[in-house]
Amino acid sequence: MKAKKELYQYTTAAILLIIAFVLSISVGRYHISLGDIIRIVTGQRVDDLTKMVFFHLRLSRTIMVVLAGMGLSISGSIYQNIFKNPLATPDIMGVSSGANLGAAIAIIFLSGSIYAISISAFLGGLIAVFTAIALTNMSRDRGISTIVLAGIIIGSITQGAIMLLKFFADPERQLAAIEFWSMGTFAGVTSDKLISILPFFALGLIILFLLRWQINLLSLSDEEGRSLGLNVKRVRLLVIIAATLVVASIVSITGLISFVGLIAAHMGRIIRKKNDFSTAIFSGILGAIILIIADCLARSISSSEIPISILTTFIGAPYLAYLMSRYR
Amino acid sequence: MQSRNLKSRIILLGLAVIMLLSAMACSKTEDTPHKDEKITIKDQLGREVTLDKEAERIVSGYYISTSMLIALGLKDRVVGVEANANTRPIYAMAAAEFLDLPNVGTAKDFNLEGTLALEPDLVIVPVRLKDTISTLEDMGIKVIAIDPEDMDLLKESLQIIGKATGTEDRAEKLISYYDEKTQKIKEIAKNNEESKKRIYFGGNSDFLSTATKRMYQNYMIETAGGENVADIDDNYWAIISYEQLISYNPDMIVIAPGAKYSKEDILEDYKLSGIDAIKNKQVYAMPSNIELWDSPIPSSILGTMWLNSILHEDEYSYEEFLDDLVEFYQEFYEISIEKEKISK
């Protein structure tokens, strides 16, 4: 009975994801008819430009959206689990603010080219989290509250540094670029960028997947985990590093995407009424669906792109409110 | 006896002549304000400002007004400029002393005390510094707000500063230069009305950001005889996608001056290779080594002229444009420009 219900939940989510995916590859500013898409998929001849747009732009963008939605939501769900805190997301370790600082540094001091911004944002995210981990290790108590505190400290420092950079930025040219970056967009995603982040993203996700049993145990108290033979600290550290890789590789090319990680994780838990690794995967599917819908709107409401975080917030928050009022 | 009479008559006549002359001189000073007479100006916030005399110690809180002060030949009267003066090459070229002047901050963070310490008799700020204006006025400082957002407002702000500093003639000279050139540009544009090119104007941070309908860049494109492909009703750079740019399929791509990417970045991006502008190598970067002509600064007319020349090379050759450019900077900024340094 229970297994049946789970199967039903997974199948529904998977079907919705497929529908959203198909919708996403057929919506865009460059006109590609459904017939063309079918011809491309079945390997028939279409003109080169259409083919190029489809593979290098449309399909790459959609895949990136799916990866971003899954990555952010799975990490969000796992963080809520291991930190035993419903508000935890990878952001609490400072990965987003670190990436934001990295992007701002590239915009102001480096060439400001798209590649410089991506690399600098990626490194910024990693450096922020590793600094927070180092800070935790300086403390005698390496429990959750110390980790969170270290994350808050690093987050505040990077926020301060971002404010400082914004203050000195040229308002016409640089400030706006920093602001836009922090709102996120998939407009510039291409196959090259997708391929360049894929190794880091995959590495992070594979580590998380390999740690799935330990992650389930981490949701227990530290003492219980230890009594079951788990090296709590090491596993937690590995999970943090893996999730950081996932999130940093996503935001380095899209900019900040707010709220999806938090919201999809809650949805997953409310629907499944569970808190384990398979809920994290389920949340990942939900996150991908939300982000696809948001991105379809972002590119089709007007001829200019709407920053993705505006839409994720407006789509995600009301749905979460609905679930909260119904199930809690 | 008679000779004495004659003498006194001559003296009387002389006196009369002097009186008449001085009366004429008096009436003349009433027409054009003398240095020490009150000047009343209406600024671009619609405020009436009365100066006791022509401004002698001027603080400019805005790069556009600073550039105007150079163009009006007033650089010697400037005692303070906005922050980051070293990022504007024109200052080093035409008014190197500005780089050493105290800076009064930016529009985001205007330095009130620093401004007061300079004891200016006129402070020029952009209209968005409304709050600062009333604070400065409470402390007895005369302030005028300018708002050069388009060509007409630019002309008006030149007139305002001209009046406040007694340089109306030079301001009028600039304005008539703009009018004359604009007319010429528009004529060339009109002759080529049928073959209007569709232009994509790439923003400075990323070529996937573009100029929208209510921006100065849009005015420049339309005046120069082109059509902006991005039909977006906004007053700030819009972010678009690759797909959007491909479906716009512009005839020509123009890169904003000072952009963080190069012509080659666009020409070599295989994802854009289907666009007509790329196929025909019609990608141009607006020069940025003197000033950024895509904002309404006194020399921005050169941006429109540059674009006009790029669009209609046969009627307004690039060589002619360069001659005009050299002449403009020689006349109004008193500097000589080397033509070789100006690229397309």
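Quick note: numbers below take in every heavy atom, side chains included, and nothing from hydrogens, waters or symmetry partners. Letters A, B, ... are given to chains in the order of the sequence lines, protein chains preceding strands, and every chain is numbered from 1.
Heavy-atom distances place the side chain of B:Leu208, and not its backbone, under 4.5 Å from chain A. The parts of A:Arg58 that come within reach of chain B are both its backbone and its side chain, each placing non-hydrogen atoms under 4.5 angstrom from that chain. In this structure, no portion of A:Ala116 lies under 4.5 Å from any heavy atom of chain B. Proximity to chain A (any heavy atom under 4.5 Å) is shown, for B:Ile275, by neither the backbone nor the side chain. Contact of A:Phe180 with chain B is made through the side chain alone, with heavy-atom distances under 4.5 Å. Of the atoms belonging to A:Ser302, not a single heavy atom falls under 4.5 Å from chain B. Residue contact with chain A, scored on non-hydrogen atoms closer than 4.5 Å, involves the backbone and the side chain of B:Tyr242 alike.
Interface check for chain B: of the options A:Asp192, A:Leu175, A:Ile306, A:Val53, the most heavy-atom pairs under 4.5 Å are formed by A:Asp192. Ranked by heavy-atom pairs under 4.5 Å with chain B, the list A:Asp48, A:Leu57, A:Ile114 is led by A:Leu57.
With no hydrogens or angles considered, a side-chain donor-acceptor pair links A:Ser24 and A:Arg299 at under 3.5 Å. Under 3.5 Å, the side chains of A:Asn100 and A:Ser97 contain no donor-acceptor pair of N or O atoms. Remark: the A:Gln44 side chain and the A:Thr42 side chain contain an N/O donor-acceptor pair separated by less than 3.5 Å. Checking B:Tyr270 against A:His56 by side-chain atom types alone, a donor-acceptor pair falls below 3.5 Å. Residues B:Tyr333 and B:Ser67 have side chains that bring a donor and an acceptor to within less than 3.5 angstrom of each other.
In this structure, A:Phe200 has its ring center closer than 6.0 angstrom to the ring center of A:Phe122.
Both the sub-6.0 Å distance and the 45° axial angle are not jointly satisfied by B:Arg214 relative to the ring of B:Tyr236.
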